[in-house]
Amino acid sequence: MTANQQTGEGVRTRFAPSPTGFLHIGSARTALFNWAYARRTGGTYVLRVEDTDRDRSTEESERQLLEGLAWLGIDWDEGPFRQSERGARHREAVAELLETGQAYRCICTRDELEVRRQETIAAGGKWTYDGLCRDREYAADCGEHTVRLRLPETGWLGWDDLVFGPSGQDASEIGDRIIARADGTALYHLAGVVDDLDMDISHVIRGADHQPNTPLHVAIYRALDADPPEFAHVPLILGDTGKKLSKRRDPVSVQHFRDEGYVADALRNWIVRLGWSHGDQEVFSRDEIADLFDLEGVGRSGARADADKLAWLNHHYIQHMDLAELLPLTSPYLERSLGKPVETSPAIAKLVDLNRLRGKTLVELAGHTAWLARDEVVFDPKAARKNLTPDAGVLLRDLAARLAVAPAWDEASLAAVFDAVAAEREVKMGKVAQPVRVALTGGTVSPGIYETLEVVGRDLSLARIEDAAARAVKGEFSS
RNA sequence: GUCCCCAUCGUCUAUCGGUUAGGACAUUGGCCUUUCAAGCCAAUAAGGCGGGUUCGAUUCCCGCUGGGGACGCCA
């Protein structure tokens, strides 16, 4: 029976990251699963920052963490609590365990331990703490010492994992582990259990890398005379090598993907499907995740992070998003690309809308849009050499003259002029449209030529075409 | 090395003893076409191996092989 079943309260989950770097997509997924499970069940989601490793924890990481969660739309109901602020409570728990005899003081030093460990392994044995201090009953004044949990000699430390089913290990495999350092502070295992207990956490959903720790945690719950929560271990996210994602090898931070131009909806959708499925459904909005997520849909084998799938999802969301939502998301990338602030004019907005089919990321979308925001056309040498030949220049000059007297600047009128030029010169439409495209944008990629002309507008279009024509005729782009 | 875990198309996965083994991404071909895309259509592609259990195994059990994770006074 779990704590929450005893108290009759609802589901309470938590995300307990340590602020020692950026928000990792593996952590983000754990956060998402916990969030989703709480939302689905009408439970409560708690955020707890495990910053007890003072050497590695930084405020900057914590800021990044919260920012990443907010960006992904993962909101919490309680917290953020900081484990570092609960030191007194952890000390109290250690004292209690010492009192009840469930723990004892150990004066073995790291060096001594290491020597004995090596000896045991060399002799072909397997090392767990050898229990030298186990029955010595050292008092508080024994000098520098750690505190170890006193495990039963044997006995099954098991739990029924909500993903992996019956799991566990025998106490003899684990040995008496340290729960408090020589300086008196508690280790993660003890602190985490105490916090989960105090915060009445009912379901601990965490990465499978924690599986080997769970027997010890079960033992700590027992020593504290408490019932363990439900545990659900989630298979790890793997990199291209098939190994656990590594900071060195793989792109892992949420911030990284954000910088690369992936939208939050896509990243969230991507990671939720890494290890979880719901029939054949591939696309899940934030609300659907909160609505449909369950632990039964979580698989048991590691999932390789597939960048192509992320790109596809990103494309999907960029296409289906309201333009009003897409524009502000695109602006920063446009400004980055241009190196200056950009005002989102109606023309820019229209071009972004037309270009959304043409990019997998906001970076690409911005890249395809930037030309309109530049004062001067920047020609791609290759595109210009191929399309702005002297012959093309003559054609463009003719075309510009006719466009200048076109009755209107709309698709029908523009098409009539293009058709006429193509017919009279007996060339394919491509020979007309492509030079215009390069004249207007400097490159070979843009929306349909009439749409592009409309977006650029009559005056600027004529100016750019005439300018490019003049330079092309002079052979400026030929070599 | 020890302990634990996992195993369906290249990848993410569906299947909860009986299916022509389904979907998605990627790939390939076709259509469309003024560029690049997108879109549409189609194709290729999977139960690691060996034993059981069963009328019947991808599905249950065992072994092997392969892969992964954990082995801190980190979290």
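Below, chains carry the letters A, B, ... as their sequence lines are ordered, and counting in each starts from 1.
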So, OP1 or OP2 of [N]: does either fall under 4.0 Å of a side-chain N or O from [X]?
X: S446(A); N: rU35(B); answer: no
X: K309(A); N: rU11(B); answer: no
X: K428(A); N: rU33(B); answer: no
X: R358(A); N: rU35(B); answer: no
X: K360(A); N: rA38(B); answer: yes
X: R273(A); N: rA14(B); answer: no

Closest to the [X] side chain: [options]?
X: T146(A); options: rA24(B), rA75(B), rC73(B); result: rC73(B)
X: F164(A); options: rG39(B), rC6(B), rU34(B); result: rC6(B)
X: D280(A); options: rA70(B), rU34(B), rG22(B); result: rG22(B)
X: E282(A); options: rA24(B), rG22(B), rA7(B); result: rA24(B)
X: D308(A); options: rC25(B), rA75(B), rU34(B); result: rC25(B)
X: E173(A); options: rC3(B), rU34(B), rA7(B); result: rC3(B)
X: R181(A); options: rA75(B), rC12(B), rC5(B); result: rA75(B)
X: R304(A); options: rC73(B), rC12(B), rU13(B); result: rC12(B)
X: W312(A); options: rG68(B), rA14(B), rC25(B); result: rC25(B)
X: I178(A); options: rG69(B), rC73(B), rA75(B); result: rC73(B)

Would you classify [X] as touching base, sugar-phosphate or nothing, given that sugar-phosphate means primed atoms plus P, OP1 and OP2, and contacts are heavy atoms under 4.0 Å?
X: N355(A); value: nothing
X: Q169(A); value: sugar-phosphate
X: H189(A); value: base
X: S277(A); value: sugar-phosphate
X: R300(A); value: sugar-phosphate
X: C108(A); value: base

In plain terms, say whether [X] and [Y] are close enough for a salt bridge, that is, a side-chain N and a carboxylate O under 4.0 Å apart.
X: R14(A); Y: D196(A); value: yes
X: E50(A); Y: R82(A); value: no
X: D195(A); Y: R86(A); value: yes
X: R402(A); Y: E424(A); value: yes
X: R89(A); Y: E92(A); value: yes

Distance between [atom1] atoms of [N] and [M] (Å, rounded):
N: rG10(B); M: rC62(B); atom1: P; answer: 28 Å
N: rG63(B); M: rA38(B); atom1: P; answer: 49 Å
N: rC5(B); M: rU44(B); atom1: C1'; answer: 34 Å
N: rG30(B); M: rG47(B); atom1: P; answer: 29 Å
N: rC6(B); M: rG23(B); atom1: C1'; answer: 23 Å
N: rC16(B); M: rA70(B); atom1: C1'; answer: 30 Å
N: rC25(B); M: rA45(B); atom1: C1'; answer: 13 Å
N: rC3(B); M: rU13(B); atom1: C1'; answer: 30 Å

Side-chain donor/acceptor of D209(A) to base of rG69(B), under 3.5 Å: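 Counting by modelled atom types and ignoring angles, no donor-acceptor contact under 3.5 Å is found here.
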[X] has an atom [atom1]; how far is it from atom [atom2] of [N], in whole Å?
X: R206(A); N: rC74(B); atom1: CZ; atom2: C1'; value: 15 Å
X: L274(A); N: rU13(B); atom1: CG; atom2: C1'; value: 11 Å
X: R177(A); N: rC71(B); atom1: CZ; atom2: C1'; value: 8 Å
X: H315(A); N: rA24(B); atom1: NE2; atom2: P; value: 17 Å
X: R110(A); N: rG72(B); atom1: CZ; atom2: C1'; value: 8 Å
X: W270(A); N: rA26(B); atom1: CH2; atom2: C1'; value: 14 Å
X: W276(A); N: rA14(B); atom1: CH2; atom2: C1'; value: 13 Å
X: L396(A); N: rU34(B); atom1: CG; atom2: P; value: 18 Å

May I ask which nucleotide in the shown strands pairs with [N], Watson-Crick or G-U wobble, both distances under 3.5 Å?
N: rC3(B); value: rG69(B)
N: rA24(B); value: rU11(B)
N: rG63(B); value: rC49(B)
N: rU19(B); value: none
N: rG39(B); value: rC31(B)

Residue met sooner reading RNA chain B from 5', once L236(A) and G275(A) are mapped to nucleotides: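 Result of the comparison: G275(A).
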Of P447(A) and R148(A), the one whose closest RNA chain B nucleotide lies more 5':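 First, find each residue's nearest nucleotide; the 5'-ward one identifies P447(A).
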Non-hydrogen side-chain atoms of Y262(A) and I318(A) separated by less than 4.5 Å: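 Not in contact.
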Near-parallel close stack of H210(A) and rA75(B) base (under 5.5 Å, under 30°):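 Stacked: ring centres under 5.5 Å, planes under 30°.
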[Y] and [X] side chains, donor-acceptor separation under 3.5 Å:
X: T109(A); Y: D111(A); answer: no
X: W276(A); Y: D294(A); answer: yes
X: S446(A); Y: R358(A); answer: no

Working for ring-ring contact (aromatic ring centres under 6.0 Å, His included), residues H203(A) and Y37(A): CA-CA 9 Å; H203(A) 291 69; Y37(A) 191 69; 5.0 Å; yes
